[in-house]
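Each ligand, and each atom within it, is numbered from 1 in the order the structure gives.
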Amino acid sequence: MGINNSGHILSLKKWIPPPPFMTTASAPGKIILFGEHAVVYGRPALAVPVTQVRASATVSANSSGGIWIEAPDINLTCELAQLAPDHPLAAVIIGLFSALRIRQSPSCTIHIESTIPVAAGLGSGAAVSVAILRALSAFLGQTLSEQKVNKLAFEIEKLHHGNPSGIDNSVVTYAKPVYFIKGRPIKPCRVGTAFTIVIGDTGVPALTKESVGALRELWGAQTSHWDKVFDQVGIIVREARRSIERGDTAELGKLMDSNHALLQQMTVSSVDLDRLVISARKAGALGAKLSGGGRGGNMIALVSTEKAPSLAEALRAAGAKRTIITTVQSN
Ligand code: PMV
């Protein structure tokens with residue numbers, strides 16, 4: 001198989017590897033700690049991997065002569081050729097073949113599984129792309145640099161989100177806390193003292209594309225006002241980075257609360273998110289905020305390790321559909 005200039009798959013000579021050849025790879029979820037939305041407008045953001053949830057891809061040789069995709073989580077089993085070239089799963093495979101200048105179609109099955117909730121701000125799309133890129137390149141006997149994986153995954157993020165900042169694919173690829181500014185080299189964020197975050201899911205699916213688009217309209221109508229709001233977020237993110245480096249969780253909690261207030265102004269919070277944020281603070285959180293695109297999806301609360309289980313319980317009592325307790329540390 002080959003790819004022509006318009007991204008369409010051409011039928012070339014088939015490569016049938018000897019069964020039971022198989023490769024597998026996985027990638028973690030992620031959560032944004034600070035700076036979502038403002039990051040789209042060039043301000044910094046902080047995000048960390050969430051290793052409790054993962055996407056994995058397994059590529060195994062078959063004798064069909066084609067590429068089969070199995071993604072039971074989204075009820076999808078089909079041949080690659082049946083998907084539109086801009087379907088995110090097809091695009092990741094086609095993008096990889098094009099980057100690696102693959103001339104012969106492998107005969108294989110790509111099995112994708114993920115425990116990362118979809119459309120919840122946990123980086124599910126990026127993690128699936130990264131897992132496929134790694135498993136399929138290994139299957140083809142090629143090594144892709146982290147930088148290349150990140151770049152290819154970013155192209156797919158554009159299909160998911162329209163105009164993404166690139167933060168999701170970066171955290172998921174490097175699987176470490178990052179200080180991110182759109183278009184600049186990714187900087188790691190050193191964590192002075194490990195700290196605990198509880199993630200609470202409203203259970204309301206929300207498309208990042210929509211909240212980003214709605215804010216863009218507001219920004220278009222009152223650009224200088226929103227630029228000032230984004231500047232305030234930028235100040236919070238820089239302070240948060242310093243607090244994380246110093247291990248100052250009390251200060252970090254206050255910064256989360258301030259960031260949430262600015263996200264409310266941006267109209268990307270929701271009744272459900274606000275209820276969980278307030279419940280978290282009442283249950284002893286040092287600070288809490290929505291995380292990601294907002295209007296649904298997840299919120300996060302910073303809490304001492306000892307109080308994390310009771311805080312998670314309080315969030316579920318307040319309506320959270322699921323909670324994840326995760327530790328943020330340098331790795
Ligand atoms: O909803 P998530 O976690 O994929 O995050 C989106 C973050 C935004 O800043 C709202 C958009 C972006 O591309 O950075």
Chemist: Are E313 and K307 close enough for a salt bridge, meaning some N to O gap below 4.0 Å?
Modeler: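 Result for this pair is no, no salt bridge flagged.
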Chemist: Could you tell me, for ligand 1, which of its N or O atoms are under 3.5 Å from any protein N or O, listing the pairs and their distances rounded to 0.1 Å?
Modeler:
residue	atom	partner	partner atom	Å
ligand 1	1 (O)	T208	OG1	2.8
ligand 1	1 (O)	G293	N	2.9
ligand 1	3 (O)	K30	NZ	2.6
ligand 1	3 (O)	G121	O	3.2
ligand 1	4 (O)	D168	OD2	2.9
ligand 1	9 (O)	H37	N	2.8
ligand 1	13 (O)	S165	N	2.8
ligand 1	13 (O)	S165	OG	3.4
ligand 1	14 (O)	S165	OG	2.5

Chemist: Compile the donor-acceptor pairs under 3.5 Å between side chains in residues 206-213 and protein atoms, sequence neighbours left out, one pair per line.
Modeler:
residue	atom	partner	partner atom	Å
S211	OG	T208	O	3.2
S211	OG	G293	O	2.9

Chemist: As an exercise, state the distance from CG of L302 to CD1 of I197, rounded to the nearest 0.5 Å.
Modeler: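 Taking CG in L302 and CD1 in I197, the distance rounds to 5.0 Å.
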Chemist: Without hydrogens or angle criteria, can the side chains of N298 and S291 be said to hold a donor-acceptor pair below 3.5 Å?
Modeler: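 The answer is no; no qualifying pair exists.
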Chemist: Could you tell me whether D257 and R281 make a salt bridge, using a distance below 4.0 angstrom between a side-chain N and a carboxylate O?
Modeler: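 R281 and D257: salt-bridged.
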Chemist: To the nearest 0.5 angstrom, please state how far the CD1 atom of I110 sits from the CD1 atom of I132.
Modeler: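 That separation rounds to 6.0 Å.
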